[in-house]
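Reading through the structure tokens given below for one structure.
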Amino acid sequence: MNTVRTRYAPSPTGFQHVGNIRTGLFAYLVARHFDGQFILRLEDTDKKREVEGSIDHLLQCLKTLGIQPDEGVGFGGSHGPYKQSERLPLYKEWAQRLIDAGRAYADPYSPQELEAFREQAKAEKRPFLYRNHRPQNPPKWDGSQPLRFKSDPKSYQWHDEVMGDLSTGPEVIDDIILIKSDGYPTYNFAHIVDDADMQVTHIIRGQEFIASQPNYLNIYEALGLEHPIFATMPHILAPTGGKKLGKRDGAKDVLDYIREGIVPEALLNFIASLGWNDGTEQEIFSKEELVQKFSLDRVQHSGARFDEQRLLWMNGQWIRSFNLDDLYNRVVDFWPESAANADENRKKVVLSLVQDRLKTLTDLPIMTNYFFTEPTPDWSMVRNNKQLKKLSDDDIRTLLTTARSALEASDFTSEALQQTLNALLESTGQKPGILFSLVRLSVSWAPFSPALNDTLAALGKETSLRRIDASLQAL
RNA sequence: GGCCCCUUCGUCUAGCGGUCCAGGACUCCGGGUUCUCAGUCCGGCAAUCGCGGGUUCGAAUCCCGCAGGGGUCACCA
């Protein structure tokens, strides 16, 4: 077998969302799995739809997710240029071959005439076929008219790595446009030329192309080319309804997930497992494992719904799997403002306490703010607490004062504090629900915090005692 | 409308003729973990395998119909 070469070939028409990027990921995984090459090609043949900044965004996405092309726009390679808009002469050349072979001709109709044909077909509830209107003596192609393929309608059956054996009749074959009147090729033609020229072995693309596959087969034949291996991916479905996930159904920018505190590993893992599994009960896969285990024939045939709950769960799994230094480097941009001047060691201590609690990296500020700034006592939190509301102000004052002096005598390691607190439970005869809650609130004034001994240890003796004093003052 | 594809718990899925009155994961609900929140552990709810016919001793698994969903029929990709 030849070296496997796959490509991801988006058009620069906006931001990348999970639906797009999954196709790219799978193409990447196939290439890596077989020690082949992964190519990034830009299909920028529709100048009207082009959106500025698309390329930068695309590159940023791939970089963030660690999907590294071997060749392509921004990566060099010996089959370039990798932007279709810079390959126009090549398409002309291949088009000329078809013209010379009598397999392409100029389209003499005006857009209005074409539209009339289409309306007619629609009124008669027939599919529109251009070849039913194929001109007898088309004018010589001078580039001002679209160039059409002269098709040879026939039945086809072919194999798709994902979908299996597929077949169609001649009625789906038509004279499609190869070169538009603006001089740019259509996708339909350009991708065939480019894949051949770039020696692409596997075409991995979305389900929307399955209907035009027979037309492509017809063109491969006319060009005398052997066709690559095809693999058709099912769509990712929108959260509701059965439609494919698109921008207007709330498909989010891939980078938005990262900004919202989803780690790249989790996003990659999640996207890959939408429509693919390795047949075991494993749910969490690293990129390396995906490369090793991925195979197209285990890709699902039907669409998969995008379920953010599951993504969030996976994110938590990944966050908990990182060692502290790794996690620390990932959260640099997520700390609360109050942590701006805190030193690294302090932040690491705090981070280690909340690591198990983070669902996304953006949870960090709300979970850690009180470690870095003095909280404002809010006694309504005590009064609204189911257990604490029974205590009188005097009870509270006594309990807190007793606790304060016991803590003052503790040397404030996590272990020593646990002993101090346990002793305090005995000496005061209080339940943990009362004593611990009260102390926890008086040092944090937060709705939740890590274990009390750990929280106190992280705050340190001086700060803890100061906050208890401040809380008592405010009572 | 023609053509093509798809159809297992709410969701993602395992399953390739018997080990499945269908297994795992997410969600949800109980319980444990000295307070909270999360995590974690244990347990629970949840699919008569789209429907109807076959084939077979035996079908989620094979065959045929039907229905529903999706894609496509652009000088978009």
Side-chain angles (χ1 to χ4, degrees), chain A residues 9-11 13 43-46 48-49 107 111 114-115 118 121-130 145-148 160 163-164 166-169 171-172 174 176-182 184-188 190-191 205-214 232 234-235 237 239 241-244 270 273-284 300-314 316 320 354-359 363 366-367 381 385 387-388 418 421-422 425 430-441 444 446-452 455:
Chain A
S11 55
T13 52
E43 314 229 309
D44 58 342
T45 55
D46 185 354
K48 295 184 292 294
R49 293 203 316 152
D107 175 351
L114 263 183
E115 193 47 39
R118 233 177 241 119
K122 199 174 174 187
E124 293 169 14
K125 301 204 174 209
R126 285 184 298 107
F128 170 71
L129 279 175
Y130 183 95
Q145 300 273 33
L147 182 71
R148 284 199 183 255
D160 185 288
M163 293 299 178
L166 304 175
S167 60
T168 53
E171 68 280 354
V172 301
D174 198 12
I176 59 178
I177 291 180
L178 304 172
I179 310 263
K180 296 179 277 183
S181 59
D182 65 2
Y184 285 92
T186 58
Y187 165 84
N188 298 141
H191 89 274
R205 73 196 357 155
Q207 219 179 36
E208 63 271 28
F209 293 105
I210 211 166
S212 24
Q213 192 69 268
T232 302
H235 286 139
L237 270 30
K243 305 254 182 184
K244 82 163 179 173
F270 179 71
S273 51
L274 266 184
W276 174 86
N277 71 81
D278 73 342
T280 72
E281 285 173 359
Q282 184 171 350
E283 309 279 348
I284 303 297
Q300 211 69 19
H301 294 190
S302 53
R305 199 169 301 273
F306 190 88
D307 179 12
E308 289 213 19
Q309 291 280 16
R310 203 172 146 75
L311 171 60
L312 245 30
W313 169 77
M314 256 181 200
R320 263 162 256 131
V354 300
Q355 177 166 14
D356 281 355
R357 283 154 228 272
L358 294 172
K359 269 193 150 59
D363 290 339
I366 191 164
M367 287 186 172
M381 292 179 81
N385 181 292
Q387 305 220 57
L388 297 179
Q418 193 56 56
L421 290 167
N422 284 339
L425 283 176
Q430 284 294 357
K431 296 193 178 286
I434 296 210
L435 179 73
F436 289 5
S437 296
L438 188 58
V439 176
R440 192 171 57 77
L441 282 170
S444 70
F448 47 81
S449 83
L452 183 54
T455 303

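Fair warning: this is a prediction, and the values are worked out from it, not measured in the lab. So you know, we letter chains A, B, ... as the sequences are listed, proteins then strands, and number each from 1. Reckoned from all heavy atoms, side chains included, excluding hydrogens, waters and symmetry mates.
- Panel note: side chain A/Thr455, backbone A/Pro450; a donor-acceptor pair is recorded below 3.5 Å.
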Dump the pairs, protein N or O against N or O of nucleotides 6-14 of chain B, anything under 3.5 Å, distances to one decimal.
from, atom 1, to, atom 2, distance (Å)
B/C12, OP1, A/Arg305, N, 3.0
B/C12, O2', A/Ser273, O, 3.3
B/U13, OP1, A/Gly275, N, 2.8
B/U13, O3', A/Asn277, ND2, 2.6
B/A14, OP1, A/Asn277, ND2, 2.6
B/A14, OP2, A/Gln300, NE2, 3.2

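- A/Lys180 has no side-chain polar atom (N or O) that falls below the 4.0 Å cut-off from OP1 or OP2 of B/A74.
- Between the P atoms of B/G54 and B/G68, the separation comes to 23 Å (whole Å).
- Of the C1' atoms belonging to B/U36 and B/G24, the separation is 32 Å, rounded to the nearest Å.
- Remark: the backbone N or O of A/Ile434 is not paired with any side-chain donor or acceptor of A/Ser437 at under 3.5 angstrom.
- The shortest distance between the side-chain N/O atoms of A/Arg118 and the OP1/OP2 oxygens of B/A74 is below 4.0 Å.
- When Watson-Crick and G-U wobble pairs are counted only if both distances are under 3.5 Å, B/A60 pairs with no nucleotide at all.
- Base pairing of B/C28: its partner is B/G44, meeting the Watson-Crick or G-U wobble criterion (both donor-acceptor distances under 3.5 Å).
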Discussion item. Can you build the contact string for nucleotides 28-36 of chain B? Use B for base contact, S for sugar-phosphate-only contact, and - for no protein heavy atom under 4.0 Å.
Written reply: ------BBB

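- Between A/Lys48 and B/C76 there is a side-chain polar atom (N or O) within less than 4.0 angstrom of OP1 or OP2.
- Applying the 4.0 Å criterion to OP1 and OP2 of B/G39, one finds that A/Lys359 has a side-chain N or O inside that range.
- Across B/C45 and B/U27, the matching C1' atoms stand 12 Å from one another, rounded to whole Å.
- The backbone N or O of A/Tyr130 sits less than 3.5 Å from a side-chain atom of A/Asp174, completing a donor-acceptor pair.
- Comparing the same atom, P, in B/U8 and in B/G2 gives a spacing of 25 Å after rounding to whole Å.
- With P as the reference atom, B/A60 and B/A22 are 11 Å apart, rounded to whole Å.
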